[in-house]
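Here is the naming used below: chain letters follow the sequence lines, and residue numbers restart at 1 for every chain. All values derive from a computational prediction rather than experimental measurement.
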Amino acid sequence: MLDKNFDPKTAEPRLYAAWESSGAFAPIDDPNAEPFSMVIPPPNVTGSLHIGHALNNTLQDVLIRFERMRGKAALWLPGTDHAGIATQMVVERQLAEQGNQSRRDLGREAFVAKVWEWKAKSGGVIVNQLRRLGASCDWSRERFTLDEGLSAAVRRVFVTLYKQKLIYRDKRLVNWDPHFQTAISDLEVEQREVDGHYWHFAYPLEDGSGEIVVATTRPETMLADTAVAVHPSDARYTALVGRAVRLPIVNRPIPIIADEYPDPDKGSGAVKITPAHDFHDFAVGKRHNLPMINIFDDFARLNDNAPPEYRGLDRFAARKKVVEAFEALGLLREVEKTRHTVPHGDRSGVVVEPYLTDQWYVAAEVLAKPAIKAVEEGATVFVPKNWEKTYFEWMRNIQPWCISRQLWWGHRIPAWFGPDGRVFVEETEAEALRQAQEHYGRPTPLRQDEDVLDTWFSSALWPFSTLGWPEQTSDLARFYPTHTLITGFDIIFFWVARMMMQGLHFMDEVPFKRVFINALVRDASGAKMSKSKGNVMDPLELVDDYGADALRFTLTAMSGAARDIKLSRQRIEGYRNFGTKLWNATRFAQMNGCARAEGFDPAAVKQTLNRWIVGETQRTAAAVTEALADCGFDEAANSLYRFIWNRFCDWYVELAKPILNGADEAAKAETQATAAWVLDVTLKLLHPVMPFLTEELWAQTADLGAARAHTGFLMTARWPDLPASLVDAAADAEIGLIIETISEGRSVRQELNVPPAARPPLLVVEASAAQRAVLTAAAPLIGQLLRVSEVRLAEAAPEGSIPYVVEGATFALPVAEYIDLAAERARLGKEVAALAGEIGKLAGKLGNPDFVARAPEEVVEENRERLAEAEAAKAKLEAALGRLGGVV
RNA sequence: GGACGCGUAGCUCAGCGGGAGAGCACCUCGUUGACAUCGAGGGGGUCACAGGUUCGAUCCCUGUCGCGUCCA
C-alpha cells in the first residue's frame, strides 16, 4: 500500500542516484534511433543555482526526457564555463580574506594554480545542484571550457581566424575597466543614467581676440584635448575655423576645426575634442589627423602626459581640480545640472573609460553574414519568433569584437612576439618557435602575449567543441548540429549569436536548429531578483520545502514565453498539492483493486465511463505531445493539470466509486483495468515535468496486475502514442449530461441550503428518450454524487419542489420541507434574468439579416439552438416561479 | 530616440474573430477510509482608452495613455 504522501526528501536522491548509475542519462546506443541533442548553457563554474538556472534547466530536462521517451538517441550535454572575470574575482577575494598576497604579488603561474585548486574544490557545486533539480544530463560527457580538449578547439579557431584575417590586432579605443584593469567588450558595458553636470568652459582664442565656450560632462579630459570642433554650417564660427585656442591649464594651442559631428543647436555649438578618451572624438580625431594624447594609466589615474600637479590623481579628483582651476582662472561660464548615461562595467560596477590600447579583435561583421542568412532562411528558428528581430537588429549592426582581456584566468592567446615585435600566431609554442626560426634565420626566443581571451570566445564554440572538435569524433558526426538550444534572452548577443557565427564558420552548419528563449524569473512583485535587493528565491530551499517536482511543475506551467515569471511560494505549494493529488488517486486505485489486465485494449472497453476516460486520456496525450514537440511547456503542464485533477480525480474516480463498490463484476473488472491503464499512461505523460513522483509511483505500482511491457525505469519507458479513434463522442455526451446534472443539482441544493444529509429523490420531469436512458442507467452514480435517494422519472414537478434545467432536460428536487420560499424565488428570478439577457443577445443577433446571411451556417445554427434552449429553460423556470407566487 | 513586450476577476495569469476562463485569495457548507497538501457551492470583470475593419472584436488594424525590458 502506498504511503499517504510522497516523500521527496528521501525519494529524490534515491531515484536520481538510481537513474544515474543505470546509465539512463546517456543517449541510447541504437544506430537507428534518431539523434536529438542539446547543449546546456554552461553555468559559471563559480555559480550556484539561482532561480533562472532552475527554470532554464527544468525546461531542458522536460524536453530531453520527452524526446528520450519518444525513442530518440537523446543527448543533453552538460558542463561549466570558466568565467574569466567572475572566477578571478572569487579567488582574489578569497586570497584577500585569508590575508594572503594579491594576485600580482603571487605571480601569474602561482595564481592560476590557485584558481585551479579552487575549481577542484568548489567548482562542482552548481553541477550537483542541477542533479537535485532532476536534470538528466549525460554527466559522462561533462565538459569545462578550459579543459584540454576545449582549449585545443580555442587555439585552432583563433589561429584559423587569424590566418583568414578574421582576427587581427589593432590600436583603438576600447572600453577599459579600471577596476579590473582590462578591456571589456561593448556587451559587458552597462549604460546607466546618472545625475551629472555640464560644465561650460571658456577657451580663449590664441590671439586674445575672444573665446569659445565648450561644454563637457568630463572636465578632466580637457587636459587631453587636441582640438575644438564646430559644424561647418555654423555661421557663428566660420571665421574662426583654422585658427586656434589656447587650452587653459595646459597652455597648449589647439586648432579650431570644422566637422559634421557638433550639433549647432546644442549649447554653444562648439565641442572640445579629446580623441584618446571619447569614442566620438576618436572618430573626429581620425578624420582630422589630430594627435591622440592619453592622460590615464591602467587605473584611470592621470599619467605623465598631464601637467605635473595632476599626475597620479584619480580621474574624479582630477575632475574637481580642473573645475576649480577654471573657476580660479575666471573661465568657468556655467554649471548646468543634467542627467546622462554613463558606461559602467557590468562586473565591476565602476565607470568604464574609453582607453587607447592594443587589443585583438574578431571581424564579427564578416562572420555575422552567414549567421544572419541562416536565420533568415529558417535553418535556425527562434521560439518565440519575435526574438529573431532582436537577433537581426544586433547582427546587422555588429561591431568588431574585442576578444583580449588583461586577465590571467582564461585561454592564453596563442600569439608570440619576436624581438622586433613581429607576431607569430600558432597553435603551439613549438610551432611558433619553428616559424620564428624560419623567419629570422636562427633560433629566436619569443614572448607570448600576456592576454587571455574573452570567456565568450570559448563558449561560442560550445556546441561543437564539447562534441570533440577539432577531432572528427563519432559524437560530433552524430550530434552536430544540435537540435534545440534553450536559453535566456539576455545572452542572445553574448552567446547565441556568437555560436551561430562560429558554428557556421567552422562546421558549415548551424549549431542548433531551434532556439527556445525562456522567460525571466522575477519575484512575486515583479522585481528582478538580485542579491542586493534581497528578494532572491533560492531554488534549493524551494526544493527542500516542496520537492523538486513541485518547483519544476511551477516553472513549467508558468513558462509562457512572452512574459516574465512572477514566482510565489503559494503557487509552488499549489503544484505540490497537485502531485499529492495524483499520488492519492493512485493510492485510491490501488485500494480498489485497480490493476493492469493482461492484454487490456482501451479501444474495447464497454462501460460509458471507461470509454469516456479513455478518450480523455487520448486527447490529453495528443495535446501534451504536440505541446512539448513545439516547446509549449506551459500548455503541456496545464493540460496535464486539468486532466489529472479536473477530469480524472474530480469525475472519473468519483463516478467509478459506485461501480467499484457495485455488484456488476464485469463492469467492476473493466473499470479496475481501465483505471490502471489510464494511470500508467498518465505517469508517462507527466514524467518529463514531475520525474521523481512519477518514477516512484511507477515503481510502487509495478506489481499491480499484469507485468508491464517495459519493466525498467519510467524514464526509459516508451511515450504513449494513442489513436484518435479512442475518442467516443457518444460517451462524451453521456458523461457530459451526467456531470451537468450532478453539478447543477449540487448548486441548487447548496444555494437553497438543503442540508447535506437530506436525501430527496431526483425527479426527471422532462427529457428526451436518450437522456432518460442515460440518466436511468447512471442512477446509482448520480445518487451517490448528488446525495439523492434515487433518480426517478416523473410526470410533473410536485408542489414545492425545486426545478432546474440541464441541456433541455428538466429536473426537480422535492425538498419542500427545507426550502425558504423567498430564497427559491430569488434563485429562480436570478436564473430567469440571466436567461432573458442571453435570449436578448441571441435574438438580436439572429434578427440581424446580415448575420444570418453572412455568418457561417454552423454558427447561425448554433445560435438558433442556444436561443431555443434558453427560451425553453426560461419558460420552465418562469412556470416554476409562477407556482411559487413570485413576480414573473 | 529606436526596437520588442505587456495592460483581462483583489493577486498571478490563460484565452486571441462567434457563448468572458483557471489557480490563489475571499465567503458559505462538508471529514464513518484516495486525498483537509481535501471535497461541494458562491460572490467578483464596460477584457486600459479612443477610433477603424467586420454580419460580429477581449481577440485584427491605427492612434492615445500607462508599465517593463533591450539597444542607442
### Query
Heavy-atom distance under 4.5 Å between the side chains of A:H340 and A:V194, does that happen here?
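Yes, side chains in contact.
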### Message
Would you say that A:M499 contacts A:L485 through its side chain, given a criterion of any heavy-atom pair below 4.5 Å between the two side chains?
### Response
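SC-SC contact between A:M499 and A:L485 confirmed.
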Figure out the [atom1]/[atom2] separation between [X] and [N], and round it to whole Å.
{"X": "A:R576", "N": "B:C24", "atom1": "CZ", "atom2": "C1'", "value": "14 Å"}
{"X": "A:E190", "N": "B:C71", "atom1": "CD", "atom2": "P", "value": "8 Å"}
{"X": "A:D545", "N": "B:U37", "atom1": "CG", "atom2": "P", "value": "16 Å"}
{"X": "A:Y575", "N": "B:G23", "atom1": "OH", "atom2": "C1'", "value": "6 Å"}
{"X": "A:M690", "N": "B:U37", "atom1": "CE", "atom2": "C1'", "value": "12 Å"}
{"X": "A:R396", "N": "B:C70", "atom1": "CZ", "atom2": "C1'", "value": "17 Å"}
{"X": "A:I517", "N": "B:G5", "atom1": "CD1", "atom2": "C1'", "value": "14 Å"}
{"X": "A:R864", "N": "B:C55", "atom1": "CZ", "atom2": "C1'", "value": "14 Å"}

Counting side-chain heavy atoms from CB outward, which of [options] is closest to [X]?
{"X": "A:R854", "options": "B:G42, B:A34, B:C55", "value": "B:C55"}
{"X": "A:T580", "options": "B:C24, B:C38, B:U37", "value": "B:U37"}
{"X": "A:P856", "options": "B:U12, B:G18, B:A25", "value": "B:G18"}
{"X": "A:A855", "options": "B:A34, B:C55, B:U37", "value": "B:C55"}

Does [Y] offer a backbone N or O that forms a donor-acceptor pair with the side chain of [X] under 3.5 Å?
{"X": "A:R596", "Y": "A:L704", "value": "yes"}
{"X": "A:W651", "Y": "A:I613", "value": "no"}
{"X": "A:D630", "Y": "A:G632", "value": "no"}
{"X": "A:E12", "Y": "A:A548", "value": "yes"}
{"X": "A:R749", "Y": "A:L786", "value": "yes"}

Whole-angstrom distance between [N] and [M], as gauged at atom [atom1]:
{"N": "B:C24", "M": "B:G17", "atom1": "C1'", "value": "31 Å"}
{"N": "B:C70", "M": "B:U58", "atom1": "C1'", "value": "28 Å"}
{"N": "B:G44", "M": "B:A50", "atom1": "P", "value": "24 Å"}
{"N": "B:G43", "M": "B:G1", "atom1": "P", "value": "48 Å"}
{"N": "B:U8", "M": "B:C13", "atom1": "C1'", "value": "9 Å"}
{"N": "B:C60", "M": "B:G15", "atom1": "P", "value": "12 Å"}
{"N": "B:C67", "M": "B:G51", "atom1": "P", "value": "23 Å"}
{"N": "B:G45", "M": "B:C4", "atom1": "C1'", "value": "29 Å"}

What does [X] touch in the nucleic acid at a heavy-atom separation under 4.0 angstrom: a base, only the sugar-phosphate, or nothing?
{"X": "A:K657", "answer": "base"}
{"X": "A:N638", "answer": "nothing"}
{"X": "A:V653", "answer": "base"}
{"X": "A:E393", "answer": "nothing"}
{"X": "A:R749", "answer": "nothing"}

Under 3.5 Å donor-acceptor pairs involving side-chain atoms of residues 826-844 of chain A, not counting sequence neighbours:
unit_1, atom_1, unit_2, atom_2, d
A:R827, NE, A:E824, OE1, 2.9
A:R827, NH2, A:P803, O, 2.7
A:R827, NH2, A:E824, OE2, 3.3

Looking only at side-chain N and O atoms, does [X] come under 4.0 Å of OP1 or OP2 in [N]?
{"X": "A:K830", "N": "B:G43", "value": "yes"}
{"X": "A:K4", "N": "B:A36", "value": "yes"}
{"X": "A:N386", "N": "B:G5", "value": "yes"}
{"X": "A:S747", "N": "B:G42", "value": "yes"}
{"X": "A:W645", "N": "B:G39", "value": "yes"}
{"X": "A:N577", "N": "B:C38", "value": "yes"}

### Task
Starting at NZ of A:K845, measure out to CG of A:L867 and round the result to the nearest 0.5 Å.
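These two atoms lie 11.5 Å from each other.
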#### Entry: Approximate separation, where rounding is to 0.5 Å, of A:T671 OG1 and A:N592 CG
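Result: 10.5 Å between the selected atoms.
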Less than 4.0 angstrom from a charged side-chain N to a carboxylate O is my criterion; do [X] and [Y] meet it?
{"X": "A:E862", "Y": "A:R866", "result": "yes"}
{"X": "A:E871", "Y": "A:K874", "result": "no"}
{"X": "A:D278", "Y": "A:R218", "result": "no"}

### Query
Does A:K581 make a side-chain donor-acceptor contact with the base of B:C35, cut-off 3.5 Å?
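For A:K581, whose side chain was compared with the base of B:C35, there is a donor-acceptor pair (under 3.5 Å).
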### Message
Whether the side chain of A:E654 and the base of B:A40 hold a donor-acceptor pair under 3.5 Å is what I'd like checked.
### Response
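Counting by modelled atom types and ignoring angles, no donor-acceptor contact under 3.5 Å is found here.
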Pick out the pairs of N or O atoms, protein on one side and nucleotides 19-21 of chain B on the other, that lie under 3.5 Å.
unit_1, atom_1, unit_2, atom_2, d
B:G19, OP1, A:R866, NH2, 3.4
B:G19, N3, A:R866, NE, 3.2
B:A20, OP1, A:K841, NZ, 3.3

### Query
When the nearest nucleotide of RNA chain B is assigned to A:V189 and to A:C649 on a heavy-atom basis, which residue is associated with the more 5' position?
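That would be A:C649.
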### Task
Starting from the 5' end of RNA chain B, give me the residue, A:N646 or A:N584, whose nearest nucleotide shows up first.
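Nearest-nucleotide comparison on RNA chain B picks A:N646.
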### Task
Report the stems of RNA chain B as range-with-range entries sorted by first number; a stem here is at least three consecutive pairs, Watson-Crick or G-U wobble, both distances under 3.5 Å, and write none if there are none.
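Detected stem regions: B:1-7 with B:65-71, B:10-13 with B:21-24, B:26-30 with B:38-42, B:48-52 with B:60-64.
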### Task
Just say parallel, tilted or perpendicular for the rings of A:F578 and A:Y575, cut-offs at 30° and 60°.
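Correct class here is perpendicular.
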### Qualifying residue for ring-ring contact (aromatic ring centres under 6.0 Å, His included) with A:F493, from A:W394, A:F392, A:W387
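Going through A:W394, A:F392, A:W387 one by one, the ring-ring contact (aromatic ring centres under 6.0 Å, His included) with A:F493 is satisfied by A:W394 alone.
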### Query
Do A:K581's NZ or CZ and the ring of A:Y641 fall within the cation-pi criteria of under 6.0 Å and 45°?
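No cation-pi geometry.
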### Task
Output all residues satisfying ring-ring contact (aromatic ring centres under 6.0 Å, His included) with A:F494, sequence neighbours left out; order by chain, then residue number.
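A:F494 satisfies ring-ring contact (aromatic ring centres under 6.0 Å, His included) with A:W456 once adjacent residues are dropped.
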### Residues in contact with RNA chain B, drawn from residues 735-744 of chain A - heavy-atom cutoff 4.0 Å
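Listed by number, there are none.
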Tabulate atom names and distances for all N/O pairs under 3.5 angstrom spanning the protein and nucleotides 26-32 of chain B.
none

